[in-house]
Structure formats: structure tokens, C-alpha cells
Amino acid sequence: MQDPLIEIHLESDREQFAPSDFLSGEFWVRLKREHEIQALEYSVIWITEGKGEEDIGVHYFQRRNRTALVSDALSQPQRFSTVLPASPLTYEGMILKIRWCVRVRIFLSGGREVTKDREFDLGHCSIPEIDLKEQDDLPRNSE
């Protein structure tokens, strides 16, 4: 059985947002007749990746259970919007990364899940890469 198709679109096709910006968009779910949805969740989250355990922070969350879902309505765009927080900012470090995304998750009968993420940047912080060759050229203190 083929999984449902999930599409997520951010308004203005922006990839970069600042703290306090308004994030809005929509998503669509393409279902086959054999798919029986138990629940649908959509959220705006940040995720850490790298050394240590993965952390997930939830900024915005909505869940619709089976009784609140109408399969035909899911083929129509479902809108979402939120004001983005001040932190944490998107971060691309060597040991740790923080990424933001809109996540849509569908729970199907039989315990199956289908998840789609649409990443975006909130601010952006990174450590400048150090050119090791330039470091070798720096004068050294001699004692």
C-alpha cells in the first residue's frame, strides 16, 4: 500500500524568518481510499541534532482526532499560522545543530505513521569556520 502524500507550503516561499515574524502556510494530504486516518497533527518545532540525545521543542501544535476529521476536507488546503519565538535560533555548529520545521504527521489504522517536515531558518547563528592555514601564519608568543 502506498503511503498518503503530504505537501507543505510556506507563504511567500520564504526560507528565512526573524524572531517575531509571522509564519503561515498550508498543507495538503492526498489519501487513497484504503487509508483510514486515526489522527492528524501539525506543528512548528525545533530539533537538535548532533552529539548526545536529540531534543525536540514544540512551539505550535494542533491535533485532530478521527471524529474531527473528514477525509474529503483533507484534500483541501489546511491553513496554519503562528508568531515565531525569540529563540532558539537556527544553528549550524560542528557538534550541535538546531533546525526548525513545520511537521505534519498522519496516524493511520494499524499503528502506521506518515510524517513530512518542511524546514526553515529562524534567525541564523553559526560559528565562523577557522582557516587552519591562516592560524599557522599567526605570530606566536615566545617565552
Side-chain angles (χ1 to χ4, degrees), residues 1-140:
M1 179 187 330
Q2 190 176 15
D3 285 338
L5 176 66
I6 303 169
E7 296 179 42
I8 304 170
H9 175 74
L10 301 180
E11 276 189 6
S12 306
D13 287 324
R14 289 174 60 187
E15 300 288 330
Q16 183 80 32
F17 294 85
S20 301
D21 274 357
F22 190 70
L23 172 75
S24 63
E26 53 195 16
F27 65 90
W28 297 264
V29 177
R30 307 272 189 252
L31 299 170
K32 301 273 186 197
R33 286 199 184 279
E34 65 268 18
H35 294 134
E36 188 176 328
I37 293 184
Q38 301 300 312
L40 167 80
E41 293 177 351
Y42 49 103
S43 54
V44 176
I45 60 175
W46 55 267
I47 302 167
T48 63
E49 297 173 347
K51 196 169 187 171
E53 293 186 25
E54 180 181 273
D55 288 324
I56 296 178
V58 179
H59 170 67
Y60 171 88
F61 179 83
Q62 290 287 316
R63 180 179 174 96
R64 292 191 210 153
N65 291 322
R66 183 178 179 178
T67 54
L69 291 169
V70 177
S71 293
D72 292 343
L74 288 179
S75 63
Q76 301 300 315
Q78 305 295 302
R79 303 230 9 107
F80 61 87
S81 62
T82 186
V83 175
L84 293 169
S87 67
L89 300 179
T90 299
Y91 179 72
E92 294 287 330
M94 291 174 51
I95 296 174
L96 175 72
K97 295 179 183 356
I98 300 173
R99 66 180 182 94
W100 279 87
C101 68
V102 174
R103 174 172 285 175
V104 176
R105 224 164 45 153
I106 301 171
F107 298 87
L108 300 169
S109 59
R112 289 184 45 233
E113 291 180 24
V114 178
T115 302
K116 174 80 173 196
D117 289 349
R118 171 63 164 81
E119 291 188 23
F120 64 91
D121 288 338
L122 176 60
H124 194 83
C125 232
S126 63
I127 296 175
E129 290 187 28
I130 298 170
D131 186 343
L132 295 177
K133 183 181 179 323
E134 285 182 19
Q135 263 192 343
D136 289 342
D137 295 339
L138 294 175
R140 305 225 186 260

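Heavy-atom basis, side chains included; hydrogens, waters and symmetry copies ignored.
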- Item | Selection residues 50-61 - residue pairs positive for side-chain hydrogen bond (donor to acceptor under 3.5 Å, both in side chains), sequence neighbours left out | H59-T82
- Any pair with a residue in residues 6-16 that passes side-chain hydrogen bond (donor to acceptor under 3.5 Å, both in side chains), sequence neighbours left out, goes on the list, sorted by first then second residue, please. H9-D13, E11-S24, E11-R79, R14-D21, E15-R118
- Item | Side-chain touch R64/Y42, heavy atoms, less than 4.5 angstrom | yes
- Heavy-atom side-chain proximity of F22 to S81 below 4.5 angstrom: yes
Between [X] and [Y], what is the shortest heavy-atom contact and its length?
{"X": "V83", "Y": "S20", "value": "CG1-O, 3.6 Å"}
{"X": "W28", "Y": "Q76", "value": "CD1-C, 3.9 Å"}
{"X": "P19", "Y": "L89", "value": "CG-CD2, 3.8 Å"}
{"X": "P4", "Y": "V29", "value": "CB-CG1, 4.5 Å"}
{"X": "F80", "Y": "E26", "value": "CE2-N, 3.3 Å"}

- Strictly by modelled atom types, are Q38 and R112 linked by a side-chain donor-acceptor pair under 3.5 Å? no
- Value for OG1 (T115) from CD1 (I106), rounded to nearest 0.5 Å, stands at 8.5 Å
Throw together a table of side-chain donor-acceptor distances under 3.5 angstrom for residues 96-104, partners on residues two or more places apart or in other chains.
from, atom 1, to, atom 2, distance (Å)
K97, NZ, G93, O, 3.2
R99, NE, E49, OE2, 2.7
R99, NH1, E119, OE2, 2.9
W100, NE1, P88, O, 2.8
R103, NE, D117, OD1, 2.7
R103, NH2, D117, OD2, 3.0

- Kindly indicate, with the supporting measurements, whether the criterion side-chain contact (heavy atoms from CB on, under 4.5 Å) is fulfilled by E113 and R105. CA-CA 7 Å; E113 291 180 24; R105 224 164 45 153; 3.6 Å; yes
- Is it true that atom CD1 of I95 has more than 12 heavy atoms of other residues, nucleotides or ligands lying nearer than 6.0 Å? no
- Query: So F120 and F17, would you call those rings parallel, tilted or perpendicular, with 30° and 60° as cut-offs?
  - Reply: perpendicular
